[in-house]
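These notes concern the structure reproduced below.
Read the numbers this way: they start at 1 and go in the same order the structure lists the ligands and their atoms.
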Amino acid sequence: MTSTDPLQRQLADHRAEVERLRQKVCELHGELPRWNLVTWTSGNISARVPDTDLMVIKPSGVSYDDITPADMVVCDLHGRLVEGHHKPSSDTDAHAYVYRALPDVGGVVHTHSPYATAWAARGEAVPCAVTAMADEFGGDIPVGPFALIGDDSIGKGIVATLEGQRSPAVLMRGHGVFTVGATARAAVKAAVMCEDVARTVHIARQGGPVERLPQEDVDALYHRYQNVYGQ
Ligand SMILES: O=C(CO)[C@@H](O)[C@H](O)COP(=O)(O)O
């Protein structure tokens, strides 16, 4: 019998994609401890289910060692549970706000990676001082406002900070990293690269002042990496 609930109908009509994303998002969660981006159960990943008002997101507080595709939770884009036997991530409101505000975003990642989170604790943007930053971020990694969890505050801070920015990463002051991407995998890559460059620039600054790359070089590097690099 077909449900009269539009979200349940979307779920039924996109069942194969939802199950594929449960598998994919679960796999991607393994990358967070692998790259030392999270501690214990901190951090989370979600993916938008294309052509729906749904997302697949991490269950709250479940160990990375134990998480399975079946544990992934399906929510609507207001953070309301649609399907799952766990409570969704405590950051679901933030992920949902981003998806509502930025239609091109297909994946959102949150980490507490140590070097990037140290920059967030200082409320300081990571200056674009190395080519790897120009490649992936197209400039500095910006800082967003401190915001408490539990409503749209974090999501609003992420979206407002990313407005007009090339960077797919934002350092939420006093909290940690949020990244976005066309896919969840792209957002995970941005989180990995964010921690890498935050560490490099931090170490560089221990030896003396760090200068940003010339803007024209940043532009050229970003264009090459985003449009030419790779296969
Ligand atoms: O920083 C936060 C809370 O904002 C999160 O990273 C939590 O630490 C992980 O929450 P769950 O996704 O497990 O609910």
Side-chain angles (χ1 to χ4, degrees), residues 21-22 24-49 54-101 105 107-123 141-162 168-181 184-185 187-188 190-192 194-195 198:
L21 286 173
R22 277 191 157 115
K24 189 63 184 172
V25 173
C26 181
E27 284 172 12
L28 287 170
H29 274 90
E31 297 295 316
L32 302 188
R34 175 185 174 204
W35 294 95
N36 299 312
L37 305 183
V38 294
T39 301
W40 202 244
T41 62
S42 71
N44 37 69
I45 303 172
S46 70
R48 182 198 300 268
V49 183
L54 303 172
M55 68 167 135
V56 173
I57 192 163
K58 172 196 167 201
S60 184
V62 176
S63 166
Y64 284 94
D65 293 336
D66 303 333
I67 208 164
T68 70
D71 293 319
M72 294 296 124
V73 180
V74 180
C75 291
D76 72 5
L77 300 189
H78 289 272
R80 293 176 292 234
L81 179 67
V82 175
E83 183 183 72
H85 51 265
H86 292 295
K87 288 191 298 182
S89 167
S90 50
D91 286 310
T92 297
D93 286 336
H95 291 240
Y97 187 93
V98 170
Y99 288 129
R100 295 197 308 270
V105 170
V108 178
V109 172
H110 171 46
T111 79
H112 294 175
S113 62
Y115 282 91
T117 302
W119 287 85
R122 290 197 305 273
I141 300 176
V143 174
F146 176 77
L148 285 176
I149 194 170
D151 57 23
D152 285 342
S153 300
I154 294 176
K156 285 177 179 173
I158 295 166
V159 170
T161 306
L162 290 178
V170 54
L171 309 176
M172 291 300 281
R173 191 182 189 117
H175 184 177
V177 178
F178 281 86
T179 62
V180 299
R185 177 174 174 77
V188 168
V192 172
C194 177
E195 177 64 4

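Atom NZ of Lys87 is separated from atom SG of Cys75 by 12.5 Å, given to the nearest 0.5 angstrom.
Close contacts between ligand 1 and Thr41 involve ligand atoms 9 (C), 13 (O) [criterion: under 4.0 Å to a heavy atom]. Taking a cut-off of under 4.0 Å to the non-hydrogen atoms of Asn44, the atoms of ligand 1 that pass are 5 (C), 6 (O), 9 (C), 10 (O), 12 (O). Less than 4.0 angstrom separates some heavy atom of Gly43 from each of these atoms of ligand 1: 6 (O), 9 (C), 12 (O). Within the listing of ligand 1, atoms 11 (P), 12 (O), 13 (O) sit less than 4.0 angstrom from a heavy atom of Lys58. Taking every non-hydrogen atom of His175 and a distance limit under 4.0 Å, the qualifying atoms of ligand 1 come out as 1 (O), 2 (C), 4 (O).
Protein heavy atom at the shortest distance from atom 5 (C) of ligand 1 is Asp91 OD2, 3.1 Å. Given atom 10 (O) of ligand 1, the protein heavy atom at minimum distance is Ser90 OG, 3.0 Å. Atom 12 (O) of ligand 1 has Ser89 OG, 2.7 Å as its closest protein atom, hydrogens excluded (heavy atom only). Taking atom 3 (C) of ligand 1 as the reference point, the nearest protein heavy-atom neighbour is Ile149 CD1, 3.4 Å.
Looking only at distances, no side-chain donor or acceptor of Tyr64 sits under 3.5 Å from a matching main-chain atom of Arg34. A donor-acceptor contact shorter than 3.5 Å links the side chain of His29 to the backbone of Ile45. In this structure a side-chain-to-backbone donor-acceptor pair under 3.5 Å is missing from Ser42 to Val38. Using modelled atom types, one side-chain atom of Lys58 and one backbone atom of Gly43 make a donor-acceptor pair closer than 3.5 Å.
Taking only nitrogen or oxygen atoms, main chain and side chain alike, Pro59 does not reach within less than 3.5 Å of ligand 1. For ligand 1, the polar-atom distance check finds no N/O of Ser42 at less than 3.5 Å from any of the ligand's N/O atoms.
Aromatic rings of His175 and His110 (six-membered ring for Trp) have centroids within the 6.0 Å cut-off, being under it.
Atom CZ of Arg22 has more than 12 heavy atoms from other residues, nucleotides or ligands within 6.0 Å.
Contacts with ligand 1 closer than 4.0 Å are made by no heavy atom of Ile154, backbone or side chain.
A salt bridge between Arg80 and Asp76 is present, with a side-chain N of the basic residue lying under 4.0 Å from a carboxylate O of the acidic one.
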